[in-house]
Amino acid sequence: MKRLLLSAMVAAAFVLTVGWATCNRFVVTNESGRQVCVMTVEVCGETFRFVNVPPGATVSARFETPASESGFYVETLSDDGTRVNENCGYVVWEDYAQRFNLTLGPNGEVNCR
């Protein structure tokens with residue numbers, strides 16, 4: 001019985017590690033020079049919300065690989081009332097464990113690298 005329990009625990013840890021390791025990740029850097037009060041990032045059918053992102057700060061999240069194709073849609077509201085609504089980047093079903101770097105620029109642009 002102990003051997004079965006130990007085997008199940010090892011298998012579960014392996015599955016969780018592989019699942020976590022194959023997730024993609026995005027990182028958004030606020031280079032706008034403004035405090036971002038609210039930021040939402042949509043990718044692969046998931047929506048991520050961040051609040052109070054100061055100039056120069058980064059936020060990040062993990063997301064699953066898409067079934068086919070996806071991109072990033074970023075909306076922000078800054079403390080001075082500036083709004084940004086931008087699409088950028090490209091994620092395909094072949095992307096596993098990739099890091100996508102997005103930058104919120106001073107003129108309201110969102111760049112992907």
- So which heavy atom on Asn30 is nearest to which on Arg34, and how close? ND2-O, 2.9 Å

Donor-acceptor pairs under 3.5 angstrom involving side-chain atoms of residues 103-113: please list them, not counting sequence neighbours.
{"residue": "Thr103", "atom": "OG1", "partner": "Arg113", "partner atom": "NH2", "Å": "2.4"}
{"residue": "Glu109", "atom": "OE1", "partner": "Asn107", "partner atom": "N", "Å": "3.0"}

- Task: Could you check Val59, Asn101, Val36, Thr58 and say which one makes a side-chain contact (heavy atoms from CB on, under 4.5 Å) with Val28?
- Result: Val59

- Note on the structure: In this structure, CZ of Arg99 is separated from CZ of Arg62 (nearest 0.5 Å) by 10.0 Å

- Taking ring-ring contact (aromatic ring centres under 6.0 Å, His included) as the test, write out the residues that go with Phe48, two or more places apart. Phe26

- Query: Where do Ser60 and Val27 come nearest, in terms of heavy atoms and distance?
  - Reply: CB-CG2, 3.9 Å

- Query: So which heavy atom on Asn24 is nearest to which on Gln98, and how close?
  - Reply: OD1-N, 2.8 Å

- Item | Side-chain heavy-atom pair Phe50, Thr40 within 4.5 angstrom cut-off | no

- Task: Kindly give the heavy-atom pair with the smallest separation between Leu102 and Cys88, and that separation in Å.
- Result: CD2-SG, 3.8 Å

Show every donor-acceptor pair shorter than 3.5 Å between a side-chain atom in residues 75-82 and any protein atom, with sequence neighbours excluded, or say none if there are none.
{"residue": "Glu75", "atom": "OE2", "partner": "Tyr73", "partner atom": "OH", "Å": "2.9"}
{"residue": "Asp80", "atom": "OD1", "partner": "Thr82", "partner atom": "N", "Å": "3.0"}
{"residue": "Asp80", "atom": "OD1", "partner": "Thr82", "partner atom": "OG1", "Å": "2.8"}
{"residue": "Asp80", "atom": "OD2", "partner": "Thr82", "partner atom": "OG1", "Å": "3.3"}

- Query: Do Tyr90 and Phe100 have ring centroids that are under 6.0 Å from one another?
  - Reply: no

- Do you know the tightest heavy-atom contact between Cys44 and Ser70? N-OG, 2.8 Å

- Nearest heavy-atom approach of Glu64 to Glu46 is N-OE2, 3.2 Å

- Message: Do Phe63 and Val91 make a side-chain contact, defined as non-hydrogen atoms from C-beta onward lying under 4.5 Å apart?
- Response: yes

